[in-house]
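Keep in mind the model is a prediction, meaning the values are calculated, not measured.
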Amino acid sequence: MGRTGIKTLRAAYAREVCVGISNDRIIQAFENVPRELFLGEGPWYRYEHVPQFPFFEYLRTKDRSVSHLYADASFALDPDAFINTGRPSVIANWIAELGLKEGAHVLQIGAGTGYYSAILAELVGPEGWVAAVEVRQDFVCAARKNLSHWPEVDVRHGDGNNLDFGPFDAIIVHAGVTEIPVLWLDRLTESGALVVSLTLVDERFPSISFGPAFSFRRTSATVFSARFLGLPYITTSCSLRGSHVEPDLRAAIYTGEWDQVRELRLDPHERDDRCWLHRERVCLSKGRHIVH
């Protein structure tokens, strides 16, 4: 396929994965970044959901044509470990929630081999900065090589829990966690946004977890507005999970009331009927906090 054909294919792909997104800069970012650069040589393994456990299968592409990659689908980064890219339309909507402007500073947890890091870099521009954190050293090495054309991206090895880079305008997390580190919330700037999924793991298949994704935006020092974004399947975080939290999270998820969550609160308060997931430091609330 020639350069013109790939350009046309990428433009159609960008429009497909950004349906419903009014920000033309996001559409342009998906059009600009070559996905094949981050997935290596084909054939590739496309991730597909199926009704029976383990709820997915891999379909091997029939050849090495990059046209396979310009579809709204996840592909394996490591099929043996069941680690995949995020589905483009899902991540595009998550990125839209961040409201990124040129010059913004973004923390990305779970950079993989760097595809969405490049999308973020396109949005923040040369005056911005993307701190792309990845726990797997082989992915870190691949991402650094793949992102050589995007100097705005600083790829770091780590799990994102204890690394402190200072303030950020936005944080996006590409892994399922059981609770939200207070450090992330403390480092968000005024009106800064966080997108993260709170997930449960099936012990029979721990690499992929499932649960509600939310966006949170700071409205004050201790309160963030909340918006439910859906119920994705997502790679399980290796370290940002705690067995002591899972019973409370499981009970909250089983209520089916994720779409009623309206706020995240850091202020000390007693559990009440507005609390969807109440923890000592962080509470997800179904009602608005009223200051008397």
Side-chain angles (χ1 to χ4, degrees), residues 1-3 6-7 9-10 13-14 17 26 28-47 58 60-61 63-71 73-88 91-92 94-95 98 100 102 104-161 163 165 168 170-175 207 234-239:
M1 181 176 290
R3 182 176 299 179
I6 293 176
K7 185 176 181 180
L9 187 66
R10 199 180 295 149
Y13 159 80
V17 302
I26 296 177
Q28 190 64 54
F30 275 89
E31 187 172 342
N32 289 347
V33 177
R35 199 178 187 193
E36 61 272 20
L37 179 63
F38 301 88
L39 289 172
E41 293 186 0
W44 302 274
Y45 290 89
R46 176 171 168 154
Y47 174 92
Y58 285 126
R60 188 174 185 266
T61 61
D63 54 41
R64 291 180 166 85
S65 171
V66 299
S67 62
H68 297 299
L69 302 180
Y70 289 103
S74 296
F75 287 86
L77 294 178
D78 182 347
D80 293 329
F82 308 109
I83 297 176
N84 312 300
T85 65
R87 185 176 178 183
I91 306 303
W94 288 7
I95 291 172
L98 299 177
L100 296 177
E102 292 189 15
H105 286 197
V106 182
L107 174 60
Q108 181 194 27
I109 307 294
T113 57
Y115 176 60
Y116 293 114
S117 311
I119 299 290
L120 294 168
E122 290 280 317
L123 292 169
V124 303
E127 300 302 317
W129 183 51
V130 179
V133 179
E134 173 54 49
V135 73
R136 282 188 45 158
Q137 184 63 61
D138 56 336
F139 287 173
V140 169
C141 294
R144 286 173 177 165
K145 178 181 178 182
N146 298 338
L147 290 162
S148 60
H149 297 296
W150 289 273
E152 305 90 342
V153 184
D154 180 8
V155 182
R156 300 287 186 93
H157 182 227
D159 65 11
N161 187 15
L163 295 176
F165 303 104
F168 286 96
I171 301 172
I172 184 168
V173 185
H174 299 272
S207 298
I234 190 169
T235 300
T236 306
S237 169
C238 297
S239 58

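Side-chain atoms of Ser74 come within 3.5 Å of backbone atoms of Thr85 as a donor-acceptor pair (strictly under, hydrogens ignored). Side-chain atoms of Arg35 come within 3.5 Å of backbone atoms of Ala71 as a donor-acceptor pair (strictly under, hydrogens ignored). Between the side chain of Thr236 and the main chain of Ser207, a donor-acceptor pair closer than 3.5 Å is present.
Atom CD of Glu41 has 12 or fewer neighbouring heavy atoms from other residues, nucleotides or ligands inside a 6.0 Å radius. Other residues, nucleotides and ligands place more than 12 heavy atoms under 6.0 Å from the CZ atom of Phe38.
Residues satisfying the ring-ring contact (aromatic ring centres under 6.0 Å, His included) criterion with His105, sequence neighbours excluded, are Trp129. Under the salt bridge (charged side-chain N to carboxylate O under 4.0 Å, His left out) criterion, Asp159 pairs with no residue, sequence neighbours left out. Every residue two or more places apart in sequence or in another chain that forms a salt bridge (charged side-chain N to carboxylate O under 4.0 Å, His left out) with Arg46 is listed here: Glu48. Under the rule for a ring-ring contact (aromatic ring centres under 6.0 Å, His included), the partners of Tyr13 that lie at least two apart in sequence or sit in another chain are Tyr70. For Glu134, there are no side-chain hydrogen bond (donor to acceptor under 3.5 Å, both in side chains) partners at least two apart in sequence or on another chain.
A distance of 7.0 Å separates CD1 in Ile171 from CD1 in Ile109, rounded to the nearest 0.5 Å. Atom OH of Tyr45 sits about 9.0 Å away from atom CG of Asp80, to the nearest 0.5 Å. Between the CG atom in Leu100 and the CD1 atom in Ile26 there is a gap of 7.5 Å [rounded to 0.5 Å]. The distance from the CH2 atom of Trp44 to the CG atom of Asp63 is 8.0 Å, given to the nearest 0.5 Å. Note that CG of Leu120 and CG of Leu98 are 7.0 Å apart. Values are rounded to the nearest 0.5 Å. Note that CZ of Phe30 and CG of Leu123 are 8.5 Å apart. Values are rounded to the nearest 0.5 Å.
Residues Ala175 and Ile234 approach most closely at N-CD1, 3.5 Å, considering heavy atoms. Trp94 and Val173 get closest at one heavy-atom pair: CZ3-O, 3.7 Å. Closest heavy-atom contact between Pro88 and Val17: CB-CG1, 3.6 Å. Taking both residues in full, the closest heavy atoms of Pro79 and Tyr58 are given as O-CE1, 3.7 Å, listed atom of the first, atom of the second, then distance. When all heavy atoms are compared, the tightest approach of Ser117 to Leu147 is CB-CD1, 3.9 Å. Across all non-hydrogen atoms, the minimal contact from Phe75 to Thr61 is CE2-CG2, 4.3 Å.
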>> Leu77 vs Arg136, test: side chain to side chain contact (heavy atoms under 4.5 Å, CB included). Steps then yes/no.
In response: CA-CA 11 Å; Leu77 294 178; Arg136 282 188 45 158; over 6 Å; no
>> Using the rule given for side chain to side chain contact (heavy atoms under 4.5 Å, CB included), can you reason through Gln108 versus His174, listing the C-alpha separation, both sets of side-chain angles and the distance that settles it, and then say yes or no?
In response: CA-CA 8 Å; Gln108 181 194 27; His174 299 272; 3.2 Å; yes
>> Assess the residue pair Tyr115 and Ile91 against the criterion (side chain to side chain contact (heavy atoms under 4.5 Å, CB included)); give the C-alpha distance rounded to whole Å, side-chain angles, the decisive distance to 0.1 Å, and a yes or no.
In response: CA-CA 11 Å; Tyr115 176 60; Ile91 306 303; over 6 Å; no
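Sorted by first and then second residue, the side-chain hydrogen bond (donor to acceptor under 3.5 Å, both in side chains) pairs with a member in residues 140-152 read Glu122-Trp150; sequence neighbours excluded.
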